[in-house]
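Below you'll find the structure, written out as structure tokens, and then a few comments.
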Amino acid sequence: MIIRYMLITAILLGVFAVVGTGMVAYTFDITAERIAINEREALLQSLHAIVPSALHDNDLPSDTITVKSKELLGTGKPVTVYRARKNGIPIAAILTPIAPDGYNGAIKLLVAISYQGDILGVRVISHRETPGLGDAIDKDKSDWVDDFRGHALANLGELGWHVKRDGGEFDQFTGATITPRAVVKAVYNSLQYFKAHRDELFVNSVNASGVEHESD
Amino acid sequence: MNQISYANIARDGLWNNNPALVQILGLCPLLAVTNTVINGLGLGLATLLTLVLSNVTVSLIRNSVRPEIRIPVFVLVIASIVTAIELAMNAFFHELYKILGIFIPLIVTNCAIIARAEAFASKNAVVPSFVDGFTMGLGFTSVLVTLGALREALGQGTLFSHAHLMFGEAGKWMQVTLVEDYHGFLLAVLPPGAFIGLGLLIAVKNVIDARRKLQAAPAQIMTADAGATA
């Protein structure tokens with residue numbers, strides 16, 4: 001009899017599991033499309049903040065290429081590059097590198113570089129820097145990231161691409177030098193990467209997502 | 001089931017047995033997200049909805065669940081509800097969802113929810129369980145919002161910043177800047193500020209309770225409290 005009791009109890013638990021999972025599956029099903037739209041819009045919004053929609057006429061979220069460079073892009077994992085074109089002519093690339101040496105872990109960035117090699121804009125996508133000190137890298141908190149605009153490898157030189165304390169051009173924050181130092185270095189490395197790989201980045205196949213090439 | 005007074009349930013949830021101030025449950029999300037009013041409100045409402053749905057569901061199935069599998073079934077119910085709420089928030093309050101991040105799925109581990117399922121909903125009918133879940137959730141939300149207001153006002157000198165994340169563009173007018181050009185008070189924003197703030201709220205509640213008791217029965221309390229406060 002105990003076996004029978006156990007069996008019924010187990011079946012009962014199973015039924016609850018199936019009903020619960022079914023409910024989650026149903027919710028997933030009805031929200032999936034909306035979530036995908038949200039994510040796409042959020043992505044477009046952050047991309048358009050640094051590469052205005054007037055500059056390009058292609059669909060940024062789908063015109064991508066993935067590349068790898070642990071040394072210059074801060075991660076051994078594939079990094080997405082969005083490509084902006086107008087009438088098929090390359091305008092800019094938006095790299096998504098990581099600054100691995102933030103004060104509190106990795107800082108994810110968006111770095112937009114024009115085809116000529118100038119910075120169009122930089123945004124921090126995610127970070128865990130100290131609120132009130134290091135988080136001034138966040139556009140919501142301060143305009144510090146705008147300092148990068150218009151700069152290129154050539155106009156500042158290697159020394160210029162440092163925070164002021166290290167002899168460079170970019171402000172550090174009161175009480176926080178490590179955070180801006182990490183961001184400046186990551187932006188500088190992105191420019192280096194762009195310089196070395198520009199033509200490969202714009203390989204002209206609109207549906208190139210998934211194409212990977214290795215480099216170090 | 002003997003008659004339960006809804007007023008008593010409500011008083012328990014909101015004040016006497018407040019999940020955050022008295023039971024001290026669900027502290028992890030409570031301390032982590034209360035750096036602004038809107039964050040607190042967002043997580044509070046999600047928790048409230050979870051509490052109501054889980055209490056009602058648990059109450060509905062209370063007679064068909066065998067005692068041996070009671071806890072796993074409750075966990076299953078709560079996990080399913082939270083996952084569904086998480087998906088819905090991602091769909092309809094995408095920005096807020098991104099800010100609250102991991103703390104939405106973590107509602108599953110908020111002990112206040114399984115505690116109400118086990119202690120109340122599994123023993124009571126649907127309507128009292130609904131009221132219990134609602135008032136407990138409201139009690140929890142009010143603490144999140146109060147703590148959020150305290151920390152936001154001290155930390156950034158604003159109230160209701162980012163209200164548009166929850167109320168759309170129309171919510172922007174809600175933001176209040178208390179002090180212009182405020183430089184911020186880091187301690188209030190960082191986790192220690194959360195602990196200190198919650199400690200203060202608990203202390204305030206205890207002071208109010210003590211005063212009330214004193215007014216109700218001065219003579220009795222004097223003798224009873226003498227040992228405790230000495």
Side-chain angles (χ1 to χ4, degrees), chain A residues 2-46 103-104 108 124-136 138-142 173-176, chain B residues 35-36 53-54 57-58 60-61 63-99 101 105 108 151-152 154-157 161-162 165 182-194:
Chain A
I2 185 91
I3 302 276
R4 191 183 142 81
Y5 184 85
M6 280 163 63
L7 208 63
I8 293 175
T9 311
I11 290 170
L12 206 60
L13 185 57
V15 168
F16 277 113
V18 169
V19 172
T21 314
M23 199 183 87
V24 170
Y26 175 72
T27 320
F28 176 79
D29 196 47
I30 53 174
T31 53
E33 195 183 338
R34 175 102 201 196
I35 290 172
I37 294 172
N38 281 340
E39 278 168 0
R40 194 191 135 84
E41 269 175 13
L43 174 67
L44 256 182
Q45 206 180 359
S46 52
Y103 186 68
N104 200 7
K108 283 187 174 177
V124 172
I125 315 173
S126 75
H127 71 87
R128 285 182 296 157
E129 302 304 295
T130 320
L133 295 174
D135 70 347
D138 197 329
K139 177 74 178 163
D140 286 343
K141 306 278 156 105
S142 89
F173 311 132
T174 315
Chain B
N35 34 25
T36 66
L53 292 176
S54 82
T57 315
V58 164
L60 281 172
I61 62 174
N63 293 325
S64 47
V65 181
R66 298 193 167 172
E68 295 85 357
I69 53 164
R70 186 179 80 241
I71 299 296
V73 167
F74 294 168
V75 172
L76 207 67
V77 165
I78 295 168
S80 310
I81 290 169
V82 170
T83 312
I85 290 178
E86 185 197 352
L87 288 167
M89 278 192 80
N90 193 349
F92 300 106
F93 300 104
H94 191 64
E95 302 256 316
L96 189 66
Y97 168 81
K98 278 199 291 187
I99 290 178
V108 175
R151 291 177 66 194
E152 190 181 342
L154 282 175
Q156 335 176 347
S161 63
H162 300 298
L165 298 186
Y182 187 66
H183 289 294
F185 178 49
L186 199 53
L187 179 69
V189 180
L190 292 177

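Chain letters run A, B, ... following the sequence lines, proteins first, then strands; residues in each count from 1. In this text the structure is predicted, and so the values were computed from the model without any measurement.
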Study note, to complete from the structure: Interatomic distance, NZ@Lys98(B) vs CG@Asn38(A), rounded to 0.5 Å, equals 9.0 Å

Study note, to complete from the structure: With chain B, the option among Ile35(A), Thr27(A), Asp140(A) that has the most non-hydrogen atom pairs under 4.5 Å is Ile35(A)

Revision key, fill the gap. Ranked by heavy-atom pairs below 4.5 Å to chain A, first place among Val189(B), Val65(B), Asn35(B), Ile61(B) goes to Ile61(B)

Review point. Do the side chains of Ile81(B) and Met23(A) get nearer than 4.5 Å, heavy atoms only?
Key: yes

Review point. Where does Leu87(B) contact chain A at under 4.5 Å (heavy atoms): side chain, backbone, both or neither?
Key: both

Exercise for review: Mark yes or no for whether Arg66(B), through its side chain, and Tyr5(A), through its backbone, hold a donor-acceptor pair below 3.5 Å.
Suggested key: yes

Revision key, fill the gap. For Leu76(B) and Leu13(A) the tightest heavy-atom approach is CD2-O, 4.4 Å

Review point. Does Phe93(B) CZ have over 12 foreign heavy atoms under 6.0 Å away?
Key: no

Check your understanding: So do the side chains of His94(B) and Arg34(A) get within less than 4.5 Å of each other, counting heavy atoms only?
Key -> no

Check your understanding: Is the number of heavy atoms from other residues, nucleotides or ligands under 6.0 Å of Lys108(A) NZ greater than 12?
Key -> no

**Study point:** chain B contact via Glu41(A) - which portion, at a heavy-atom distance below 4.5 Å
**Key:** neither

Exercise for review: Output the distance between atom OG (Ser80(B)) and atom CZ (Phe16(A)), rounded to the nearest 0.5 Å.
Suggested key: 11.0 Å

